[in-house]
Amino acid sequence: QVQLVDSGGGSVQAGGSLRLSCAHSINSEAYSVGWFHQAPGKEREGVAATYYATGSTYYADSVKGRFTISRDKAKNTLYLQMNSLKSEDTGVYYCAARVGRWPNSVPEAGDFKYWGQGTQVTVSS
């Protein structure tokens, strides 16, 4: 069974940076992995994702140019580098994985089977 442990959240001022990490047990290229953001009382939404087999990536419009998804294959770790953070980025971030490519143009929470426990990000002005 796929296991994921995400970490790296914290409190930062607007304009600051954080790097989230997701240590996972995936050693196959046939997986998609991604990061999802959930604000209090709101639905979980895809932020960034990548399909290991092809290297294709997705970024939500709201984070393009600010966030970067990457991997360290040797360490079985997925990262989300978050720069120029805004108050609207506040919330819980989850890493997630699924077998194969997510089926639609955007990754949706319901497409992913395996989840980390979440890590809190708070951005203050």
Non-hydrogen atoms of Phe112 and Pro107 that approach each other most closely: CE1-CB, 3.7 Å

- prompt: So, Ser70 and Thr68: side-chain donor and acceptor under 3.5 Å apart, yes or no?
  reply: no

query: Given side chains that start at C-beta, do those of Pro103 and Arg98 come closer than 4.5 Å, heavy atoms only?
result: yes

query: Is there a donor-acceptor pair closer than 3.5 Å between any side-chain N or O of Thr77 and the backbone N or O of Lys75?
result: yes

Test applied, side-chain contact (heavy atoms from CB on, under 4.5 Å); reference residue, Val33; option that passes from Tyr52, Tyr114, Tyr51: Tyr52

- request: Indicate yes or no: at least one non-hydrogen side-chain atom of Asp6 is less than 4.5 angstrom from one of Trp115.
  value: no

message: Please give me the minimum heavy-atom distance between Ser125 and Ala14, naming the atom from each residue.
response: CA-CB, 4.3 Å

message: Can you confirm whether the side chains of Thr122 and Thr90 place a donor and an acceptor under 3.5 Å from each other?
response: no

task: Indicate yes or no: at least one non-hydrogen side-chain atom of Asp111 is less than 4.5 angstrom from one of Asn104.
output: yes

query: Is there side-chain contact between Arg19 and Gln81, with at least one heavy-atom pair below 4.5 Å?
result: yes

task: Answer yes or no: is there a donor N or O on one side and an acceptor on the other, between the side chain of Tyr93 and the main chain of Asp89, under 3.5 Å?
output: yes

- prompt: Just by modelled atom types, is the Gly15 backbone N or O under 3.5 Å from a matching donor or acceptor in the Ser84 side chain?
  reply: no

task: Would you mind reporting whether Val99 and Tyr31 have side-chain heavy atoms less than 4.5 Å apart?
output: yes

message: To the nearest 0.5 Å, what is the distance between OG on Ser21 and CG on Leu80?
response: 9.5 Å

- request: Measure from the side-chain N and O atoms of Asp72 to the backbone N and O of Ala74, and report whether any donor-acceptor pair falls under 3.5 Å.
  value: yes

message: Contact between Glu29 and Lys73 at the side-chain level, heavy atoms closer than 4.5 Å - yes or no?
response: yes

task: Apply side chain to side chain contact (heavy atoms under 4.5 Å, CB included) to Arg101 and Ser56, showing your working.
output: CA-CA 9 Å; Arg101 172 63 153 76; Ser56 62; 3.9 Å; yes

task: Answer yes or no on whether Arg44 is positioned over the face of Phe36, meaning its NZ or CZ is under 6.0 Å from the six-membered ring centre and within 45° of the axis.
output: no

message: Could you measure the distance from the OH atom of Tyr59 to the CZ atom of Phe67? Nearest 0.5 Å is fine.
response: 10.5 Å

- prompt: Any chain of hydrophobic side-chain contacts (each under 4.5 Å) joining Tyr79 to Ile69?
  reply: no

- request: Assess whether atom CD of Gln3 is packed by more than 12 heavy atoms of other residues, nucleotides or ligands within 6.0 Å.
  value: no

- line: Correct closest heavy-atom pair for Leu4 and Cys22 would be CD2-SG, 3.6 Å

message: Rounded at 0.5 Å granularity, tell me how far CE in Met82 sits from CZ in Arg66.
response: 9.5 Å

field: Any donor-acceptor N/O pair, Ser32 side chain to Gly100 backbone, under 3.5 Å
entry: yes

task: For the pair Thr119 (side chain) and Gly9 (backbone), establish whether a donor and an acceptor sit closer than 3.5 Å, ignoring hydrogens and angles.
output: yes

Reported CG-to-CG distance for the pair Asn83 and Leu18, which is rounded to 0.5 angstrom: 9.5 Å

task: Drop me the distance from Leu78's CG to Arg71's CZ, to the nearest 0.5 angstrom.
output: 8.5 Å

field: Separation between CG of Leu85 and OG of Ser124, rounded to the nearest 0.5 Å
entry: 10.5 Å

- prompt: Is Leu20 reachable from Val12 through a run of hydrophobic residues whose side-chain heavy atoms are each under 4.5 Å from the next?
  reply: yes

